[in-house]
Amino acid sequence: MDTVTQSEKTTVGRATVVTVKREPSQTTSFMMTLIRGMTVTMRHFFSNLFTKTQTETLEYPEEKIPYPERHRGLHRLMKRDDGRVRCVACMCCPTACPANCITIVPAETDDPSVEKYPAVFEIDELRCIVCGLCVEACPCDAIRMDTKLHAAPVEFRGDAIETKTSLLERGGLSHAIQAGKGSDWRESEQ
Amino acid sequence: MSERVVLGQKNPEDLEASNDLMTINMGPSHPAMHGTVRLVLQIEGERIVASDVQPGYLHRCFEKEAEYATYNQVFPYTDRLNYLSPMLNNVGFALAVETLLDITDDIPLRTQYIRVMVGEISRITDHLTCIGASAMELGGFTVFLYLIKVREWFYELLEELCGARLTYSYVRIGGVSHDLTENFTIRLKDILARTKNMLSETETMLTNNKIFRDRMENVAIVSKEDAIAWGFTGPCGRASGLDYDVRKDYPYLIYDRLAFDVPVGEHGDCYDRYLVRLEEIKQSMSMLDQCMEQIEPGPIVVDDLRVSMPAKKEVYNTIEGMIAHFKHVVDGVKVPAGETYGFTEGGNGELGFFIVSDGTGRPYKCHVRSPSFTTLQALPFMIKNALISDVIPTFGMINMIGGECDR
Amino acid sequence: MIDTLITIADWPGVKWVILVLMFALPVASLLTWAERRQSAMIQDRLGPNRANIGNIRLWGILHFVADVIKMIGKEDFIPGNAHRGLFKLAPILALVPVLIAFCIIPFGPTIYPHALFDVISTDALQGMIIHGGVANDLTWADQITLQILTIDFGLIFYFAILTFANYGTTLAGWSSYNKLALLGGLRASSQMMSYEVTMGLSLMGLFLIMGTLEPGEIVRQQGPNPWQWGIVLQPVAFLLFFSAAIAETKRAPFDLPEGESEIVGYFVEYSGLRWGMFFLSEFIEIVFISMLITSLFFGGWQVPFLHDDGLYLFGTVTEMNHITVSLLRILSFVMKVFFFCWFQLMIRWTLPRFRPDQLMQLGWKRLLPLALLNTMVTALILLWIQ
């Protein structure tokens, strides 16, 4: 087998070596330590006592930081224009899933243009590591993780399994056009 | 540690042989051990005569799992190696695979900049946590929360970029999964400015703090020779005077375009490790500034369907795209047979991935040279003859990350 | 009838219940909440602010009630190999001495219930009050001293009593059958012993100046003028005493017996109310230390420039009746105590923790010689003045 090496040792870079300096230990004293520390803590204390400008935490259930656009949360299954599930049970997402948390049982449909649909589509949110590879692996924009929801805590393990029904409940209409000239991925929705 | 001679103290050699020692367990359930490592200490009074370090409580079979995953599927696993700087692990693994694919030079320039930027952000969060956690364990809880507050700003920025706070899974073979958001640089500049303020406050509270210095100075001194012998790299090695930094000595990505200082220490004690980490945060911040100036628009993945996934538009609408997509999902990136050791500068030192490929889409073998593990092995040596209290700054400044150490 | 009531109110037991159980203890309990809120504000957090009864939320002040309810509800766990008797005794030994030590604290001035609305003056002549223009002799029933016990050896009594608290922590560590707890207990005993020496010696200078060990008398002698207060007369002693006192409370930067990241603490094995007693005793000690420092160095209940018969400011006298003066003085005492409680909490959240050997070095090699030097210099100056 070949051994590939990364790179030769070079000096091309513009990095320089500096030695970290420490002040002589005579310059420190307990009093100065206390005074210096107090200037910082007092400043924070009083600014937080009268205003909340520095306070970083929120009153959580009432206040929340909005999740960013790309946030990966609970899954959802997208729908076609006629409300049927968009998924064609191609098994890409269970294959791509590093945690093996997606279970699909495909079945045939009467619609000749679709051929297959998932009779069972289950995601075990306890196993899911929220990596987003399933979304990337989906060739028909059927699965998404942009719900901005968390997996809720559950009492029994079985309750954490998202079924096709619950996934579809969260799902919306996808406008991504396939097999023809169409919009870019999610372009039309933005 | 020469000052630690106490009248009437027994000879260390005699002590080791005696039976009068108390065995005490620190960890795995111990506040300072981060829940992931166990120290068995033989103590005489509060002095440590002998110690045994037992890692492995966070072993999750990374190396074996990687053999069953396609190369792109490994990225979520690498997130969980050093969970304080997942981006650096992401980048490190991607670079190793790309070296095997021999596409290192084809990576778009913008991607390289993005990788450096997210990597340096991760390095900052890593060092912030290390300094903060050490300060907390020494009783300075306030500093810890100040630094965690800063870390949270960076986490939020990265969450905006890739959708997750901690387990980013951002980098892909041959590129990254998302381009920078529109206001990324604006937000980053804002955060950097605020970080500078908080860092200066931290310095006011810690750097010349008499108690903090007393706890850190002359504790766990490691000479340059010892550092090399124990395999120290990264901040710990540099604090011992070893001027080895992968970014400087073997520049990867675009590090050769950036001007930065590599801080090294003179004394090799815990205080030097603290100073080096603090200086590295500042250097990373200046690197981010330089990157923001230099970065230019461009593609973010390699234009090669064998390496990178096709755009979704292609997948939806063309048969070539669809086929390439399926090949990617099912087979993964086919990496030529061979072996490589890709090494980058991780948060705690040289982070190496040794990958053996047999030509399929999954690694035949993937080994991690984790910097925490090599540094941790020196812990018994570092805390010998020290006090129990000295374990805390020593262990804190090693910044042993269970996920990385135990893999 | 009123005389009987006054006599009853002047009984030490009654005063103890009122002053300690109804003032000091609630303040200490509130401090548990105040510390969390204050640390939160220092650390840019919100802190506990949600404990409520119905709609009454009061910034979460009720958290200490919630804490007590939680601690009552927890399992009272005693390790199998622990020495059960000592294990149960230890928290009591930690808590009770502090509560007893409050006896020597002058909570306020002497109150003359018969002359509440009169302008009185005792400054000139001790033991005489000018009541309605007529100087009367005092009887025992005529006054209430807001000090539980007036004993001549007051501070010695405190040093003696507080040593018992030491037993509490040490026994807690020893009886838990836990090596980490044992280390904590040993640290506690060595630390408290070393610092008690400094604590006692640092006050020697003050004793020399005041000529008494009785805190109430010390407060009275300091007078209403701030330049006669202990902090001006004995600034070094204040620093030494304050450091040693914080060390006695076993809180950061001297929280080595607890040292939660090193040895987890002498009370590792305690849970529920027994742990709560250790926790509470720590906070009561904070209150106590604040009161002691206020009394010894900051004029106790004295308000600057407020004499018994009114405010002497800029050469003018504003006359006030006895009850106004007394209330102002009690308020002044409470404010000073609150300030020092707050200040101790600030220190606790600012400084990191010492290492045992450095703590000993600080105690024996720096504070103790300084205390001795302070005593000597004070003695020499006094000798020179005389």
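Quick note: numbers below take in every heavy atom, side chains included, and nothing from hydrogens, waters or symmetry partners. Below, chain A is the first sequence line, B the second, and so on; all start at residue 1.
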- Message: Nearest 0.5 Å, please: how far is OG1 in Thr142(B) from CZ in Phe45(A)?
- Response: 12.0 Å
- Note on the structure: chain A shares the most heavy-atom pairs under 4.5 Å, among Asp243(B), Asp269(B), Ile319(B), with Asp269(B)
- Considering residues, nucleotides and ligands other than Glu59(A), do more than 12 of their heavy atoms fall under 6.0 Å from its CD? yes
- Task: Below 4.5 Å from any heavy atom of chain A, which atoms of Leu161(B) appear? Answer side chain, backbone, both or neither.
- Result: both
- Side chain, backbone, both or neither: which part of Met198(B) has a heavy atom under 4.5 Å from chain A? side chain
- Message: Please determine whether side-chain contact (heavy atoms from CB on, under 4.5 Å) holds for the pair Arg22(A) and Thr207(B), giving the CA-CA distance in whole Å, both sets of side-chain angles, and the decisive distance to 0.1 Å.
- Response: CA-CA 9 Å; Arg22(A) 59 172 76 177; Thr207(B) 306; over 6 Å; no
- Against chain B, residues from residues 116-128 of chain A with at least one heavy atom under 4.5 Å, in numeric order, are none
- Message: On a heavy-atom basis, which atom in Gly265(B) and which in Val20(A) lie closest, and how many Å separate them?
- Response: CA-CG2, 3.8 Å
- Applying a strict 4.5 Å limit to non-hydrogen atoms, the region of Tyr271(B) in contact with chain A is both
- Message: Would you say that Ile65(A) contacts Glu156(B) through its side chain, given a criterion of any heavy-atom pair below 4.5 Å between the two side chains?
- Response: yes
- Query: Say you draw a straight line from OH of Tyr67(A) to CZ of Arg165(B); how long is it, rounded to the nearest 0.5 Å?
  - Reply: 9.5 Å
- Note on the structure: Residues of residues 33-44 of chain A with a heavy atom under 4.5 Å from any heavy atom of chain B, in residue-number order, are Thr33(A), Arg36(A), Gly37(A), Val40(A), Thr41(A), Arg43(A), His44(A)
- Test: Arg70(A) and Glu159(B) ion pair at under 4.0 Å: no
- Note on the structure: Bottom line for Cys90(A): the part with an atom under 4.5 Å from chain B's heavy atoms is both
- Task: Give a yes or no on this: more than 12 heavy atoms of other residues, nucleotides or ligands lie within 6.0 Å of atom CD of Gln294(B).
- Result: yes
- Give a yes or no on this: more than 12 heavy atoms of other residues, nucleotides or ligands lie within 6.0 Å of atom OH of Tyr68(B). no
- Would Gln73(B) and Leu133(A) count as a side-chain contact (heavy atoms from CB on, under 4.5 Å) if you check the C-alpha gap in whole Å, the side-chain angles of each, and the deciding distance to 0.1 Å? CA-CA 8 Å; Gln73(B) 275 178 333; Leu133(A) 288 186; 4.0 Å; yes
- Message: Between Ala259(B) and chain A, with a heavy-atom cut-off of 4.5 Å, which part of the residue counts as in contact: side chain, backbone, both or neither?
- Response: both
- Message: Tell me which of these, Asp79(B), Asn72(B), Asn209(B), Ile211(B), has more heavy-atom pairs under 4.5 Å with chain A than the rest.
- Response: Asn209(B)
- Does any non-hydrogen side-chain atom of Ser169(B) lie less than 4.5 Å from one of Arg72(A)? yes
- Side-chain contact test, heavy atoms from C-beta onward, threshold under 4.5 Å: evaluate it for Arg172(B) versus Glu136(A) and give yes or no. yes
- Selection from Asp214(B), Leu206(B), Asp272(B) maximising heavy-atom pairs under 4.5 Å formed with chain A: Asp272(B)
- Task: State the NZ-OG1 distance between Lys149(B) and Thr57(A), to the nearest 0.5 angstrom.
- Result: 9.5 Å
- Nearest heavy-atom pair of Cys92(A) and Val329(B): which atoms, and what distance? O-CG1, 3.4 Å
- Message: Surrounding CD of Glu63(A) (heavy atoms of other residues, nucleotides or ligands, distance under 6.0 Å), is the total greater than 12?
- Response: yes
- Task: Could you check which of Cys97(A), Ala99(A), Cys138(A) has the highest count of heavy-atom pairs closer than 4.5 Å to chain B?
- Result: Cys138(A)
- Message: With a 4.5 Å cut-off on side-chain heavy atoms, are Thr167(B) and Cys131(A) touching?
- Response: no
- Message: Quick check: do Val330(B) and Met91(A) have side-chain heavy atoms less than 4.5 Å from each other?
- Response: no
- Message: I'd like to know if the side chain of His71(A) and the backbone of Glu160(B) have a donor-acceptor N/O pair within less than 3.5 Å.
- Response: no
- Note on the structure: Honestly, the part of Asp245(B) sitting under 4.5 Å from a heavy atom of chain A is neither
- Item | Pairwise distance CD(Gln283(B)) to OG1(Thr16(A)) - rounded to 0.5 angstrom | 7.5 Å
- Max heavy-atom pair count under 4.5 Å with chain A, selected residue of Arg238(B), Glu152(B), His267(B), Met205(B): His267(B)
- Note on the structure: dist Glu279(B):CD -> Thr19(A):OG1 (nearest 0.5 Å) comes out at 11.0 Å
- Spacing of Tyr77(B) atom OH and Ile129(A) atom CD1 [to the nearest 0.5 Å]: 6.5 Å
- Message: Report which part of Thr181(B) has an atom under 4.5 Å of a heavy atom belonging to chain A: side chain, backbone, both, or neither.
- Response: both
- Heavy-atom distance under 4.5 Å to chain B: side chain of Thr95(A), backbone, both or neither? both
- Among the options Thr202(B), Leu275(B), Leu145(B), Leu278(B), pick out the one with the most heavy-atom pairs lying under 4.5 Å from chain A. Leu275(B)
